[in-house]
Amino acid sequence: MLKRIVPLLLAVFCALVLVSAASAARGMKLGIYDSAQALGNTGQAFQQFSELRAQVVRVTLNWRDASPTKPALGTFGDPASYRWSKPGHYDYDQMVREAALRGIDVVFTILYTPAWAGGGTKGQLVPKNMAWLQAFA
């Protein structure tokens, strides 16, 4: 009798755990990570993301490209201090507008420290002043 009850109780416990995990997943969003398409083929990419019912898109943002020169003192937090587009390469503003039109959130992953901030020749070093990165973010 005990040999039948233990597996049954274990199965019921596992079922309850799975139901609990499924309920917790309701708050999760469906996301896509495709910087190349989001920035290089923006209109068509976001049409496809929308058809796929994506709720969030993760895009890499190259701080080194967006800020090739050091912003003037006191303007580190001013979006106008940065270059948000480079014809033929990227247009972050257009990409964010396309996402907003379709109700898709954008999450940026910031890469590469500008040379002026201490990133070295390849942009792979941490900033000398983390407040600069914080203001940019």
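A quick note: this is a predicted structure, and the numbers were derived from the prediction, not measured. Computed over heavy atoms, backbone and side chain alike; hydrogens, waters and symmetry mates excluded.
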Spatial distance of atom CG (L52) from atom CG (L30) [nearest 0.5 Å]: 7.5 Å

Partner set under side chain to side chain donor-acceptor pair (under 3.5 Å) for S85, not counting sequence neighbours: none

Set of side chain to side chain contact (heavy atoms under 4.5 Å, CB included) partners for D78, sequence neighbours left out: T75, A80, S81

Interatomic spacing from CZ in R97 to CG in D91 - rounded to 0.5 Å: 6.0 Å

Side chain to side chain, L61 and T109, heavy atoms closer than 4.5 Å: no

Contact list for residues 58-70, test salt bridge (Lys or Arg N to Asp or Glu O under 4.0 Å), sequence neighbours left out: none

Polar contact flag, side-chain donor to acceptor under 3.5 angstrom, S35-T60: yes

Close side-chain approach of Y82 and F76, heavy atoms under 4.5 Å: yes

With sequence neighbours excluded, residues passing side chain to side chain donor-acceptor pair (under 3.5 Å) with T69: none

Minimum heavy-atom distance between P68 and A66, given as atom pair plus value: CD-C, 3.6 Å

Residues that, via side-chain heavy atoms closer than 4.5 angstrom, fall in one hydrophobic cluster with Y33: none

Less than 3.5 Å apart, which donor and acceptor atoms pair up between the side chains of residues 122-137 and the rest of the protein, not counting sequence neighbours?
from : atom 1 : to   : atom 2 : distance (Å)
N129 : OD1    : A131 : N      : 2.9

Q44-N41 side chain donor-acceptor pair, cut-off 3.5 Å: yes

Gap between atom CE of M95 and atom CH2 of W84 - 0.5 Å precision: 10.0 Å

Selection residues 101-120 - residue pairs positive for salt bridge (Lys or Arg N to Asp or Glu O under 4.0 Å), sequence neighbours left out: K29-D105, E98-R102

T42: partners by side chain to side chain donor-acceptor pair (under 3.5 Å), with sequence neighbours left out: none

Co-members of the apolar cluster containing Y112 [side chain, <4.5 Å]: L111

Residue pair P114 / S67: nearest heavy atoms and the distance that separates them: CB-O, 3.5 Å

Nearest-0.5 Å distance that lies between atom CD in Q94 and atom CZ in F46: 9.5 Å

Aromatic ring pairing Y92/Y90, orientation class (parallel under 30°, perpendicular over 60°, tilted between): tilted

Distance-minimising heavy-atom pair for A54 and I32: CB-CD1, 3.7 Å

Full working for side chain to side chain contact (heavy atoms under 4.5 Å, CB included) between V59 and L39: CA-CA 8 Å; V59 176; L39 291 169; 3.8 Å; yes

